[in-house]
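Presented below is the structure to which this report refers.
All values below come from the heavy atoms of this structure, side chains included, with hydrogens, waters and symmetry mates left out.
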Amino acid sequence: MFIMPGISFAKASGFAMPRNIEIRLLRTFVAAVHHGSMAKAATALHLTQGAVSQQIKRLETVLGQHLLERGSYGLNPTVDGARLLRHAEDMLDRNDRFVAEARPGKLDAPVRLGLPGDLIGRYMPAILSSVATTDPDMELSVRSATSPELDTMLRSGELDLAVLEAPERASGSTALISDRLVWVGGSASPVHTRRPLPLSFVSEGCVFRSSVLDALREHHIPWISRFEDGNLEATTAAVAGGLAITVSLESVVPPQLHILPPESGLPALPRFSIHLCRNSGSRSASIDRASEFICRAIEAA
């Protein structure tokens with residue numbers, strides 16, 4: 001029997017034909033669950049957010065199941081999604097190990113890199129460009145989270161390398177660059193004059209949080225948390241809409257927000273460093289090369 005390419009049959013000759021699931025759809029689904037956001041999954045996979053959404057819908061159509069739902073802290077798997085996740089992670093691991101073994105000269109596993117969400121837009125393109133130009137065969141697996149979360153992943157062996165933000169005085173390694181932490185608000189409303197001061201951090205684990213609260217306590221400025229959902233895009237929208245103010249490194253302030261000037265009445269904030277940390281147990285030539293590429297890319301960006 002001849003079957004046209006791209007056409008599948010649910011049944012033939014009285015028996016059910018198996019359904020084939022594309023590995024890339026599973027990879028997109030797993031990334032969306034791990035990052036809790038279509039946008040963050042798109043960044044990690046080097047896709048558009050629309051492409052990620054389409055691939056998730058295609059997977060749901062193939063399986064006939066609803067796989068993701070939005071919760072208070074981002075995307076969560078449904079009951080069917082949680083069941084699929086266990087199998088998908090196993091299938092991806094088997095696929096990646098087989099491909100690594102089968103391809104000549106590809107002995108190293110992908111380099112697992114952690115990068116804070118607020119730094120992705122500025123530094124990820126430079127890092128990828130450096131890798132593609134200098135070592136196009138290198139594979140990077142990128143995770144996005146807060147600096148404290150990435151530090152925990154690094155120490156537990158989930159990451160090989162992590163770009164971390166830390167107050168300059170607390171940084172335990174040589175800084176790649178130093179940047180100023182600034183107060184940031186929307187353009188429409190003088191939210192910074194309200195008391196208690198409405199603040200929005202991306203999450204409770206935000207690396208800037210303790211420095212900001214220390215500065216407010218020192219200057220006897222009361223504050224209240226208005227929006228924390230773990231999503232950088234949602235936090236930016238909340239601040240742009242006048243719900244609260246936030247803080248950011250000066251070099252990565254979102255374009256729709258603006259830096260509040262010194263005369264705004266808010267205390268000065270400390271400088272932060274951006275540095276690259278390595279899991280002491282991760283050793284490979286690829287990790288060594290990736291460290292060099294990442295340092296050069298961040299310093300030159």
Side-chain angles (χ1 to χ4, degrees), residues 31-44 49 68-77 114-122 143-153 162-167 170 179-219 221-260 264 266-267 269-270 272 274:
V33 173
H34 285 175
H35 291 286
S37 161
M38 294 282 189
K40 291 180 180 179
T43 300
Q49 186 171 343
L68 294 173
E69 58 188 2
R70 184 165 295 281
S72 57
Y73 294 97
L75 292 178
N76 295 314
L115 194 66
D118 59 323
L119 301 185
I120 284 180
R122 179 171 176 82
R143 296 282 299 273
S144 175
T146 65
S147 286
E149 290 168 338
L150 292 175
D151 186 45
T152 299
M153 294 180 199
V163 176
L164 302 178
E165 302 154 311
D179 203 352
R180 188 166 64 105
L181 188 64
V182 295
W183 296 99
V184 177
S187 58
S189 174
V191 183
H192 63 277
T193 62
R194 299 178 189 168
R195 297 295 182 270
L197 180 68
L199 293 180
S200 176
F201 295 101
V202 174
S203 72
E204 289 187 1
C206 176
V207 70
F208 307 133
R209 187 185 182 97
S210 61
S211 296
V212 170
L213 299 187
D214 285 346
L216 292 176
R217 279 192 289 265
E218 184 179 347
H219 288 77
I221 298 177
W223 63 276
I224 186 170
S225 177
R226 284 299 187 199
F227 190 83
E228 293 181 9
D229 80 334
N231 185 293
L232 180 62
E233 293 83 1
T235 297
T236 299
V239 174
L243 181 65
I245 65 171
T246 189
V247 295
S248 170
L249 294 181
E250 186 175 20
S251 62
V252 295
V253 173
Q256 60 269 54
L257 304 181
H258 71 275
I259 298 173
L260 297 174
S264 65
L266 297 173
L269 298 172
F272 272 66
I274 296 173

- prompt: Tell me, do Val191 and Val239 make a side-chain contact under 4.5 Å, heavy atoms counted?
  reply: no
query: How many angstroms lie between atom CZ of Arg217 and atom CG of Asp214, to the nearest 0.5 angstrom?
result: 5.0 Å
- prompt: Of all residues at least two apart in sequence or in a different chain, which pass the salt bridge (charged side-chain N to carboxylate O under 4.0 Å, His left out) check with Asp179?
  reply: none
task: Under the side chain to side chain contact (heavy atoms under 4.5 Å, CB included) rule, collect the residues that match up with Pro255, sequence neighbours excluded.
output: none
- request: Just jot down the side chain to side chain contact (heavy atoms under 4.5 Å, CB included) partners of Thr146, sequence neighbours excluded, or say none.
  value: Pro148, Glu149, Ser203
field: Listed partners of Thr152 passing side chain to side chain donor-acceptor pair (under 3.5 Å), at least two apart
entry: none
message: Using the salt bridge (charged side-chain N to carboxylate O under 4.0 Å, His left out) criterion, which residues pair with Arg70? Sequence neighbours excluded.
response: none
query: Which residues pass the side chain to side chain contact (heavy atoms under 4.5 Å, CB included) test with Ile120, sequence neighbours left out?
result: Thr43, Leu115, Met124, Ser144
- prompt: Quick one: side chain to side chain donor-acceptor pair (under 3.5 Å) partners of Ser37, sequence neighbours excluded?
  reply: none
query: For Ile245 and His192, which heavy atoms make the closest approach, and how far apart are they?
result: CG2-N, 4.1 Å
message: So, using side chain to side chain contact (heavy atoms under 4.5 Å, CB included) as the criterion, who are the partners of Ser210 when residues are at least two apart?
response: none
- prompt: Minimum heavy-atom separation for Pro77 to Glu69, with atom names?
  reply: O-OE2, 4.3 Å
query: Heavy-atom distance under 4.5 Å between the side chains of Val207 and Leu164, does that happen here?
result: no
- prompt: Looking at residues at least two apart in the chain, or sitting in another chain, which of them share a ring pair (Phe, Tyr, Trp, His ring centres under 6.0 Å) with Phe208?
  reply: Phe272
message: Suppose we screen for side chain to side chain donor-acceptor pair (under 3.5 Å). Which residues come up paired with Arg122, at least two apart in sequence or across chains?
response: none
query: Can you pull the salt bridge (charged side-chain N to carboxylate O under 4.0 Å, His left out) pairs that have at least one residue in residues 237-259, sequence neighbours excluded?
result: Arg180-Glu250
message: Using the side chain to side chain donor-acceptor pair (under 3.5 Å) criterion, which residues pair with Arg209? Sequence neighbours excluded.
response: Glu228
